[in-house]
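Following: one structure in structure tokens, then a few remarks.
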Amino acid sequence: MLGLRCSVGTLSDVGHRLLQTTTFHGIRVQGIRVGSAEIPDHKRIAVSLQSIYGIGRSRARQILGELNIDNKLTRELTGRELMALREHVSSTYVIGEDLRRCINADITRLKGLQCYKGIRHEDKLPCRGQRTKTNSRTAKKGLTAVSERHRASYA
């Protein structure tokens with residue numbers, strides 16, 4: 001037990017220190033959880049935020065600008081800055097597994113509609129207008145002359 005007289009800030013700092021030194025099955029955890037992802041604590045915040053799926057360079061800078069946080073090392077964040085960062089990222093943006101789920105649902109919807117993009121996704125071909133006569137060799141590697149969708153219509 002840590003003691004009852006400790007303030008909340010001290011408890012969060014102790015929890016943060018414990019997280020930095022905890023080992024799971026021989027793997028040392030070095031990072032802070034933001035959203036549903038773990039960001040490294042030995043990099044600057046703008047760079048470490050980019051390890052979250054759905055946050056790139058410009059969005060990381062935008063987040064830091066909105067919260068008025070300097071681009072310092074992640075482990076140097078204060079408790080208030082860390083809580084503000086967590087709250088802002090989780091409430092404002094769709095990131096991580098939620099974003100992956102949304103993208104997969106959108107692709108499934110397009111396939112169900114049988115629109116051009118959905119058909120291209122089904123056939124595993126580029127769907128944004130890229131050239132396929134000479135490029136996209138890896139996309140066409142496993143395809144046969146007649147795709148599965150067309151084979152069902154011929155039968």
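Counting from 1, the numbers follow the sequence of the chain as shown. Predicted model only: the values in this text are computed from it and were never measured.
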Practice task
Calculate, to the nearest 0.5 Å, the distance between atoms NZ and CZ belonging to K117 and R128 respectively.
Solution key: 6.0 Å
Handout entry: Joint hydrophobic cluster, L49 plus L82, side-chain heavy atoms closer than 4.5 Å
Key = yes
Exercise for the section: Would you give the length of the straight line joining atom CZ of R33 to atom CD1 of I52, rounded to the nearest 0.5 angstrom? Expected result: 10.0 Å
Problem - Close side-chain approach of I63 to I45, heavy-atom, < 4.5 Å - result: no
Exercise for the section: Count the heavy atoms of every other residue, nucleotide or ligand shown that sit under 6.0 Å from NZ of K43, and state whether that count exceeds 12. Expected result: no
Practice task
Any chance you could lay out the side chain to side chain contact (heavy atoms under 4.5 Å, CB included) test for I32 and R86, step after step, and finish with the verdict?
Solution key: CA-CA 10 Å; I32 299 170; R86 284 181 183 153; 3.5 Å; yes
Practice task
Would you check if the side chain of T92 reaches a backbone N or O of V89 as a donor-acceptor pair within less than 3.5 Å?
Solution key: no
Problem - Nearest non-hydrogen partners of Q50 and A60, listed with the distance - result: CG-CB, 4.4 Å
Completion exercise
Closest non-hydrogen contact found for I119 with Q114 is CD1-O, 3.5 Å
Problem - Nearest-0.5 Å distance that lies between atom NZ in K111 and atom CZ in R109 - result: 13.0 Å
Practice task
Flag yes if I107 and Y53 sit in one hydrophobic cluster, no otherwise; membership is Ile, Leu, Val, Met, Phe, Trp, Tyr, and two members link when side-chain heavy atoms are under 4.5 Å apart.
Solution key: yes
Exercise for the section: May I have the step-by-step check of side chain to side chain contact (heavy atoms under 4.5 Å, CB included) for H42 and L73, ending in yes or no? Expected result: CA-CA 6 Å; H42 63 279; L73 290 177; 6.0 Å; no
Exercise for the section: Decide whether V47 and L67 are clustered together by the hydrophobic rule: side chain heavy atoms of Ile, Leu, Val, Met, Phe, Trp, Tyr closer than 4.5 Å, transitively. Expected result: no
Handout entry: Spacing of H121 atom NE2 and T108 atom OG1 [to the nearest 0.5 Å]
Key = 9.5 Å
Practice task
Look only at the side chain of R120 and the backbone of P126, and say whether a donor-acceptor pair between them is shorter than 3.5 Å.
Solution key: yes
Handout entry: Approximate separation, where rounding is to 0.5 Å, of D70 CG and L64 CG
Key = 9.0 Å
Completion exercise
In short, I39 meets S48 closest at the heavy-atom pair CG2-O, 3.3 Å
Handout entry: Atom pair NE2/CD of H88 and E81 - distance to nearest 0.5 Å
Key = 14.0 Å
For residues 99-106, which side-chain donor-acceptor pairs fall under 3.5 Å, sequence neighbours excluded?
{"unit_1": "R100", "atom_1": "NH1", "unit_2": "E97", "atom_2": "OE2", "d": "3.0"}
{"unit_1": "R101", "atom_1": "NH1", "unit_2": "D98", "atom_2": "OD1", "d": "3.0"}
{"unit_1": "N104", "atom_1": "ND2", "unit_2": "R100", "atom_2": "O", "d": "3.4"}

